[in-house]
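Here the structure is laid out as structure tokens; the discussion comes afterwards.
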Amino acid sequence: MRLATWNVNSVKARLPRLLEWLATTRPDVLCLQETKCAATAFPTAEVGELGYAVAAHGDGRWNGVAVLSRVGLDDVARGFSDEPGFPDPEARAVAATCAGVRVWSVYVPNGRTPDSPHYLYKLTWLAALRDALAADLSRGPLAVCGDFNVAPTDADVWDPALFVGSTHVTPPEREALAELRRLGLTDVVPTPMKGPHPYTYWDYRAGMFHQNKGMRIDLVYASGDLAALVGNAYVDREARKGKGPSDHAPIVVDLSDGS
DNA sequence: ATGACCTAACCATTAGGA
């Protein structure tokens, strides 16, 4: 199985690039974040022509997640039980079972600044996600993919000194990721196509991508049985190039047969 | 060259991203 995740920063604005990428990369399952459209407005027919079924969760302008699959899409769950909101739950998680693998696409709240109510929301949301995953993990192989808005280590930001006091790198955020790993989830660290750091996000501004000043904030967390099947895993930085890219690059993970 | 913000929404200014 080829599993991928991509924060597309609007599925409508990215549709031509998304379709081209699907046709060439041919993932079996793709998790999308920041689709920024209502579930009813998702371009289901367009991706359907490429053989993908869609489980979309979205309510308009902000957030929005989806799972695309060409190997089955069962037991779709939009959101999860006791999911925190701000104040109401947002479209930040969708799960489906694809060829026997429970796949989650998540878009973790940004947090803005450590003194913001949004930061507390982020930590609360991650703790609730942990509980929801714990319940799901007993059912079999599972992968949580998405934009976690947390850089797991200082090596995952281009200049750690610049991020002191900022969100995305604070100990409580990193501890929330550690809590996910304690469930038995493994951080599937992808190979960078260029340079030593598998960054997945580069700000649009100031030529950050061209200088490779990025962050690794998009993650694939796999249950142990699934992590053992990981072959090649890489960040597709080619998808960050050219005209009209997302500010995030996709992660592609190849799992050997048996998944 | 990869090339110096982008997106969606009460349409033009703003919230949000990280």
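Quick note on labels: first sequence line is chain A, next is B, and so on, each numbered from 1.
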_Spacing between W62(A) atom CH2 and dG16(B) atom C1', to the nearest angstrom_ = 4 Å

*Could you give the CG-to-C1' distance, from D247(A) to dC5(B), as a whole number of Å?*
9 Å

*Nearest whole angstrom, please: distance from the P of dT7(B) to the CG of L15(A).*
13 Å

*Using a cut-off of strictly less than 4.0 Å, decide whether R14(A) has a side-chain nitrogen or oxygen near OP1 or OP2 of dC6(B).*
no

*Identify whether any heavy atom of G242(A) sits under 4.0 Å from a base atom; if not, whether one sits that close to sugar-phosphate; answer base, sugar-phosphate or nothing.*
sugar-phosphate

*asked:* Looking at Y107(A), I'd like to know whether one of its side-chain N or O atoms comes within less than 4.0 Å of OP1 or OP2 on dA18(B).
replied: yes

*Would you please confirm or rule out a distance under 4.0 Å between OP1 or OP2 of dT7(B) and any side-chain N or O of N9(A)?*
no

*Mind checking M208(A) for me? I need base, sugar-phosphate or nothing, with any heavy atom below 4.0 Å counting as a touch.*
nothing

*Give R240(A) one of three labels, base, sugar-phosphate or nothing, depending on what nucleic acid heavy atoms sit under 4.0 Å from its own.*
nothing

*If you measure from the P atom in dA18(B) to the same atom in dC6(B), how many Å do you get, rounded?*
16 Å

*Would you kindly give the CD-to-P distance between E173(A) and dA18(B), to the nearest whole Å?*
12 Å

*Pair R92(A) + D147(A), salt bridge at N-O below 4.0 Å*: no

_For atom CZ of R205(A) and atom C1' of dG17(B), their distance in whole Å_ = 8 Å

_P spacing across the pair dC10(B) / dG16(B), given as an integer number of angstrom_ = 14 Å

*Please state how far atom NE2 in H118(A) lies from atom C1' in dG16(B), giving the value in whole angstrom units.*
9 Å

_Base, sugar-phosphate or nothing for F163(A)? Non-hydrogen atoms, less than 4.0 Å._
nothing

*For D147(A), answer base if it contacts any base atom (sugar-phosphate contacts may also be present), sugar-phosphate if it contacts only those atoms, and nothing otherwise; contact means non-hydrogen atoms under 4.0 Å.*
sugar-phosphate

*asked:* ring-ring contact (aromatic ring centres under 6.0 Å, His included) for W6(A) and W21(A)? Distances and angles first, verdict last.
replied: CA-CA 11 Å; W6(A) 193 7; W21(A) 188 84; 5.2 Å; yes

*Once you round it to whole Å, what is the distance between P of dT14(B) and CZ of R61(A)?*
12 Å

*side-chain hydrogen bond (donor to acceptor under 3.5 Å, both in side chains) with N110(A): which residues, sequence neighbours excluded?*
none

Side-chain donor-acceptor contacts of residues 218-233 of chain A below 3.5 Å, not counting sequence neighbours, with atom names and distances?
from	atom 1	to	atom 2	distance (Å)
D218(A)	OD1	H248(A)	ND1	3.4
D218(A)	OD2	T200(A)	OG1	2.6
D218(A)	OD2	H248(A)	ND1	2.8
Y221(A)	OH	R181(A)	NH1	2.8
S223(A)	OG	L142(A)	N	2.9
S223(A)	OG	L142(A)	O	3.3
S223(A)	OG	D225(A)	OD1	2.6

*Would you say E20(A) has more than 12 foreign heavy atoms packed within less than 6.0 Å of its CD?*
no

*Describe the nucleic acid contact of H210(A) in one word from base, sugar-phosphate, nothing, applying a heavy-atom distance below 4.0 Å.*
base

*dT7(B) and dA12(B), which share atom name C1', separated by this distance in whole Å*: 14 Å

*Taking C-beta and beyond as the side chain, do R70(A) and R26(A) meet within less than 4.5 Å on heavy atoms?*
yes

*Between T167(A) and T35(A), just flag the one whose closest nucleotide in DNA chain B comes earlier from the 5' side.*
T35(A)

*asked:* Quick check on DNA chain B: between K36(A) and I217(A), whose nearest nucleotide comes earlier from the 5' end?
replied: K36(A)

*Using a 4.0 Å heavy-atom cut-off across all strands, classify E238(A) as base, sugar-phosphate, or nothing.*
nothing

*Roughly, in whole Å, what's the span from NZ in K12(A) to P in dC6(B)?*
20 Å

